[in-house]
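Lettering of chains follows the sequences in order, A, B, ..., and the numbering in each one begins at 1.
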2 protein chains.
Amino acid sequence: MTQNQAKKISKSDRTRAHILEAARLLFAERGYDGASIRDVAAHASIDPAMVIRYFRSKDELFARAAVVDLHLPELRMIDRAAIGETLIRRFLEIWEGPASGPGMTILLRSAMSNDFAAEKLREVFANQVRPVVAAVGDPADAGRGAGLVSSQLLGLAMCRYLLRLPPVVALSHDEIIRNVGSALQRYVTEEDLS
Amino acid sequence: MTQNQAKKISKSDRTRAHILEAARLLFAERGYDGASIRDVAAHASIDPAMVIRYFRSKDELFARAAVVDLHLPELRMIDRAAIGETLIRRFLEIWEGPASGPGMTILLRSAMSNDFAAEKLREVFANQVRPVVAAVGDPADAGRGAGLVSSQLLGLAMCRYLLRLPPVVALSHDEIIRNVGSALQRYVTEEDLS
DNA sequence: TTAGAAAGTCAACACTTGTTGACAAACGGA
DNA sequence: TCCGTTTGTCAACAAGTGTTGACTTTCTAA
């Protein structure tokens with residue numbers, strides 16, 4: 001019984017995972033509108049109706065595909081002078097590291113033209129970025145640092161991985177860490193001298 | 001004859017401009033895919049077929065709507081220490097100033113999921129941003145500064161005007177000028193100390 | 001006034017989209 | 001073996017897309 005149930009579940013869950021994998025790939029490459037359910041189904045070698053059966057709708061499929069966990073480090077634990085460098089190094093891991101998934105690409109690609117993706121990306125900011133950055137520095141200044149850091153990092157991701165601006169693509173990791181790292185450092189630790 | 005011709009042209013060009021205005025509004029609000037020709041036509045109180053008659057296709061309509069001229073100032077003419085502030089002030093004028101058109105919004109909104117918009121945005125960078133920024137600083141370092149500046153400014157535009165991240169929306173002009181301005185200043189003038 | 005061009009309307013085309021329901025095959029437990 | 005659930009296929013729907021061509025109206029030049 002347990003084995004049967006497990007076997008059944010694993011059977012259906014394998015194609016389920018198959019579909020989700022294809023969806024993540026296509027959503028990342030073409031965005032929400034550009035990736036049709038038929039495309040996803042073809043990529044998973046399956047009938048379009050199955051995509052709807054496993055995920056109730058295209059929206060729900062996208063929601064499942066757009067899950068992101070940044071795994072940002074606890075900034076309180078590290079040298080205050082190294083926060084900027086820590087953040088930019090984690091950024092490079094998220095986008096280029098061996099374990100990097102397409103999650104952020106999916107979100108960023110569609111967030112400009114799809115309300116749901118935009119809301120999801122705002123949630124990532126509110127739940128994962130803001131609390132981490134706010135843990136260092138003036139609590140009264142809560143959002144400012146996180147907002148500035150996000151604007152720089154999302155802009156860098158956009159220019160380097162989606163828009164592919166040649167000079168931004170050409171930047172080496174060292175250049176990015178040095179230049180952007182120090183900018184982030186200032187955003188996070190520098191008081192907003194009025 | 002001249003008057004007649006002028007009158008005719010002005011007649012047809014008025015609706016032409018009407019269509020283009022509606023298109024710019026909708027492309028800015030909803031992106032390339034989200035704004036249908038029928039939507040544009042309805043907004044211009046005209047038949048969808050007229051949109052095609054005046055602009056040959058949706059792509060061409062978009063191309064006409066997505067024209068951008070940043071009017072960046074010549075950086076060689078100003079105090080080297082004020083370049084960052086100059087850039088960020090111009091940025092705020094482009095996006096929030098009284099004469100600000102939806103051009104950049106149109107481009108940015110669609111550039112993540114539409115190849116043509118992406119190419120057009122890269123052209124804006126290559127033709128309008130890069131030469132201006134490259135005019136100051138090491139020519140061997142040509143693209144780096146312009147790339148970093150663009151990543152920060154496009155990221156800021158994205159977070160503030162499209163994604164509308166609350167803390168970034170809440171930033172005052174003064175805060176933006178102070179914080180981002182000094183970051184830009186470093187990107188442009190600081191040598192890349194290896 | 002009248003012929004002709006210009007401006008605008010209407011219906012339809014071919015196609016793609018997300019989604020659904022009816023049906024067939026595979027499979028596991030009794 | 002046989003029944004029932006799971007897994008999958010097929011065709012179709014209703015809606016929306018960009019685009020086209022035939023048609024009518026409007027207006028101007030001769």
*asked:* Closer than 4.0 angstrom, basic N to acidic O: yes or no for B:Glu119 and B:Arg122?
replied: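 Yes, this pair counts.
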*In terms of side-chain geometry, is the basic nitrogen of A:Arg24 or A:Glu21 positioned less than 4.0 Å from the acidic oxygen of its partner?*
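Looking at A:Arg24 and A:Glu21, the cut-off is not met.
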*CZ of B:Arg30 versus C1' of D:dT17: gap in Å, rounded?*
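Answer to the nearest Å: 15 Å.
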*Could you state the atom-to-atom distance from CG of A:Asp13 to P of D:dT6 in whole Å?*
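Computing the A:Asp13:CG to D:dT6:P distance gives 13 Å.
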_ring-ring contact (aromatic ring centres under 6.0 Å, His included) contacts touching residues 106-137 of chain A (sequence neighbours left out)_ =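 Matches after skipping sequence neighbours: none remain.
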*asked:* Quick check on D:dT7: is either OP1 or OP2 less than 4.0 Å from any side-chain nitrogen or oxygen of A:Thr15?
replied: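 Negative; the distance criterion is not met.
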*Assess A:Arg16 against A:Phe55: is NZ or CZ under 6.0 Å from the centre of the six-membered ring, and within 45 degrees of the ring's axis?*
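Because its charged atom sits under 6.0 Å from the ring centre and within 45° of the axis, A:Arg16 does stack over A:Phe55.
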Using heavy atoms and a sub-4.0 Å distance, could you list which residues of [range] are near DNA chain C? By number, please.
range: residues 36-50 of chain A; answer: A:Ser36, A:Ile37, A:Arg38, A:Ala49
range: residues 51-65 of chain A; answer: A:Ile52, A:Ser57, A:Lys58
range: residues 20-28 of chain B; answer: none

*Full working for side chain to side chain donor-acceptor pair (under 3.5 Å) between B:Glu93 and B:Ser100*: CA-CA 7 Å; B:Glu93 268 175 37; B:Ser100 69; over 6 Å; no
*Once the angle between the rings of B:Phe27 and B:Tyr32 is folded into 0 to 90°, is it parallel (under 30°), tilted (30 to 60°) or perpendicular (over 60°)?*
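Ring orientation of B:Phe27 relative to B:Tyr32: parallel.
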*Contacts of B:Val133 that satisfy side-chain contact (heavy atoms from CB on, under 4.5 Å) - sequence neighbours left out*: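 side-chain contact (heavy atoms from CB on, under 4.5 Å) check on B:Val133 returns B:Val129, B:Ala146, B:Val188.
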*Identify, with sequence neighbours excluded, every residue that meets side-chain contact (heavy atoms from CB on, under 4.5 Å) alongside A:Glu96.*
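Only A:Leu92, A:Arg160, A:Tyr161, A:His173 meet the side-chain contact (heavy atoms from CB on, under 4.5 Å) criterion with A:Glu96.
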_To the closest 0.5 Å, what do you measure between CG (A:Asn114) and CE (B:Met112)?_
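One finds 14.5 Å between CG of A:Asn114 and CE of B:Met112.
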*Does a sphere of radius 6.0 Å around CG in A:Asp115 hold more than 12 heavy atoms from other residues, nucleotides or ligands, not counting ones at 6.0 Å or beyond?*
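Open: at most 12 neighbouring heavy atoms sit under 6.0 Å from CG of A:Asp115.
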